[in-house]
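The next block holds one structure in the form of structure tokens; read it before the comments.
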Amino acid sequence: MRLSRRHFMALSGAAGMATAFSGLSPAFGASSGTSVALLPSQAPTGWKTVLDKANAKLMEEHGFTFDAQFITWSNSQQQSLLKFTAGAQFDTALQALWLNMAQLQQSGALADLTGQIDKWPNLKKQIAPKLIEANSWGGKLWGIPQVNSAGRIQHFGIRQDLAEKLGFPEINDFQTLERFFYAVKEKESGVTPFALASQTGWQTAVATPTGMFNEYSWENPYTMQYSLAGSGLRFYFDKDAATTGSSRPIPWWDDAGTVEALRKIRKYYQDGIINADGLNVDQATIESQFGAGRFAGLWSITDGLQSNRLAGLKKAVPTAALGQVLPFGGPLGSVKPVQTFQADNMIVVNANGGDVDRAMALQDWFSVQENHDLVGLGIEGTDWKAVGDRGFEQLSTYSFPSYAILWRAGLERLTSSMTESEKKAFGWAQDYDNFTLDTFASFIADVTPVKEAAAQMNNVMTQYANPLFYGVGDVDAGLDKLKKAADAAGLDVIMTELAKQGDAYLKARAS
């Protein structure tokens, strides 16, 4: 999932004194040393050359250097959590609500960044006030949001050449997409219709506001899942809560359409529509296999980056083309799905082993177009060349996880190979007016009162829920085991606490 599927990461920099000189960042007097960032990815081809050039510039301008610790996606969540809790020396890391961010904040592991952005003119110019407001918890900012669009909608990236070859030039609904997948299975030997990676997990069924194989949510993209830190538990508040004043939370398996989605996923697993190793294979492997022509579709998100896959794919399949299928039962603009406008990815600063000034200085440095291009795209003329004012053409295989450290909506260049379907989807996703703000958009659950139950629930979700999301095992038997284990872990206690917090949020919102 380009993750970004998610997107977030770490950095460091130097900060400190606000300067009276126009256009200058407060870099003078900034911290020295090396700003280490934890990055969920792998080092790109040519990384040392790019890093050496970036560090020469950083040292001259700020007096410190940058280093990245790349951690594979399959290990990133656990490894970054361990580094925070062990007091490791690093400045920044990719975090988010879908990772460990709430848990880390509540345990005092994250530095409070409230007011920090105002000290850094380049960074402040690139971060919209609305974005800061949407991503502040209780008036405090715990990370620098990394976004390049207003709405974040997961969807399907497909082989458009195969879709046209098999008689599906346009796919605008769930049933047509499903028919396409089965046609691939029947007629394209050696090609699996759709690829799942271990990071995809709950997104196959749980609506946020849509689940990939949750057909009901395609027609009703109006519910947003929330999570309880450290529990792995996704839940929903009542859709009429704003009117009734009662939050009435339910676990994800009680939401409309979810169980039926699990049944579809199980059938896809049995029919070979999805890969059998999805529960354990990492995203990097899936991307590589897609690039080799072994899949007809994979997880995508509206970040404007999905067309980047085409160059590598064309090396294996010269006639390949890409298309984007968004999970709605009609054309774009026919619905206004709910969103929270909370960033999928946040740059957080390590409170117990990092340097806030240095981290912020680095973020400010990345907010300059030249520096942003250097680290994000590589060496100009070798790895890429500019196309027009905002476009670029990729010249090498250099691929840096920009979403994890330096996304700035105003500085992102769009690949010259961007497909028409992605241009349409990305343009739509950049407009806040195309979405409905969810009632609980700024709600962050406090796990402290139910911390022990949450820890037990995390084990339950890993053992019993994850296999269901990949079609591994009978649905009814799996759900029965899941529910019994969840009850034993303290589901009632957790739901009671969430109702209490949800009701308090509604009351405060109404006052």
Side-chain angles (χ1 to χ4, degrees), residues 77-78 80-82 84-86 95-114 134-143 201-202 206 208 223-242 244-255 340 342 346 348 350-352 438-466 482-511:
Q77 183 169 6
Q78 181 181 16
S80 63
L81 180 60
L82 288 174
F84 272 107
T85 56
Q95 273 299 323
L97 290 175
W98 54 273
L99 289 171
N100 308 306
M101 188 168 177
Q103 179 181 355
L104 291 169
Q105 184 272 324
Q106 291 161 14
S107 66
L110 304 184
D112 183 356
L113 303 181
T114 308
N135 288 277
S136 295
W137 305 351
K140 291 189 175 183
L141 184 67
W142 299 101
W202 55 271
V206 179
T208 179
T223 55
M224 179 62 68
Q225 62 78 29
Y226 291 86
S227 63
L228 178 64
S231 70
L233 177 66
R234 308 283 164 175
F235 64 91
Y236 295 91
F237 287 120
D238 189 80
K239 65 177 182 178
D240 297 320
T244 65
S246 180
S247 59
R248 292 180 288 193
I250 59 172
W252 61 264
W253 54 82
D254 284 341
D255 186 53
T340 64
Q342 290 181 1
M346 301 281 280
V348 300
N350 180 11
N352 302 313
D438 190 66
T439 299
F440 290 87
S442 58
F443 175 84
I444 304 296
D446 181 4
V447 71
T448 306
V450 291
K451 191 172 183 178
E452 292 184 5
Q456 294 183 53
M457 190 63 68
N458 188 57
N459 294 330
V460 170
M461 292 299 114
T462 299
Q463 182 174 355
Y464 297 105
N466 280 356
L482 169 62
K483 292 176 182 179
K484 287 179 179 178
D487 288 340
L491 180 64
D492 287 346
V493 173
I494 290 175
M495 285 297 147
T496 299
E497 178 61 31
L498 289 174
K500 178 181 177 182
Q501 294 185 28
D503 290 351
Y505 172 88
L506 289 171
K507 185 175 181 180
R509 185 172 176 266
S511 63

Distance-only criterion, 3.5 Å: show the donor-acceptor pairs between side-chain atoms of residues 488-498 and protein atoms not counting sequence neighbours.
| unit_1 | atom_1 | unit_2 | atom_2 | d |
| --- | --- | --- | --- | --- |
| Thr496 | OG1 | Asp492 | O | 2.8 |
| Glu497 | OE2 | Gln501 | NE2 | 2.8 |

Going by atom type alone, with no hydrogens or angles, which donor-acceptor pairs under 3.5 Å involve a side-chain atom of residues 446-457 and a protein atom two or more places apart or on another chain?
| unit_1 | atom_1 | unit_2 | atom_2 | d |
| --- | --- | --- | --- | --- |
| Asp446 | OD1 | Thr448 | N | 3.0 |
| Asp446 | OD1 | Thr448 | OG1 | 2.8 |

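A search for side chain to side chain donor-acceptor pair (under 3.5 Å) contacts involving Ser442 returns Tyr505, not counting sequence neighbours. With sequence neighbours left out, the side chain to side chain donor-acceptor pair (under 3.5 Å) criterion links Ser231 to no other residue. Under the side chain to side chain donor-acceptor pair (under 3.5 Å) criterion, Asp255 pairs with no residue, sequence neighbours left out. Applying the side chain to side chain contact (heavy atoms under 4.5 Å, CB included) criterion to Ala485, with sequence neighbours excluded, gives Val460, Tyr464. With sequence neighbours excluded, the residues forming a side chain to side chain contact (heavy atoms under 4.5 Å, CB included) with Lys140 are Asp112, Thr114, Trp142, listed by chain and number. Every residue two or more places apart in sequence or in another chain that forms a ring-ring contact (aromatic ring centres under 6.0 Å, His included) with Trp252 is listed here: Phe469. For Phe235, the ring-ring contact (aromatic ring centres under 6.0 Å, His included) criterion is met by Phe237, not counting sequence neighbours. By the side chain to side chain donor-acceptor pair (under 3.5 Å) test, Asp438 pairs with Tyr226, sequence neighbours left out.
For residues 99-108, the set of pairs meeting the side-chain hydrogen bond (donor to acceptor under 3.5 Å, both in side chains) definition, not counting sequence neighbours, comprises Gln77-Asn100. Judged as a salt bridge (Lys or Arg N to Asp or Glu O under 4.0 Å), not a single pair has a partner in residues 499-511 (not counting sequence neighbours).
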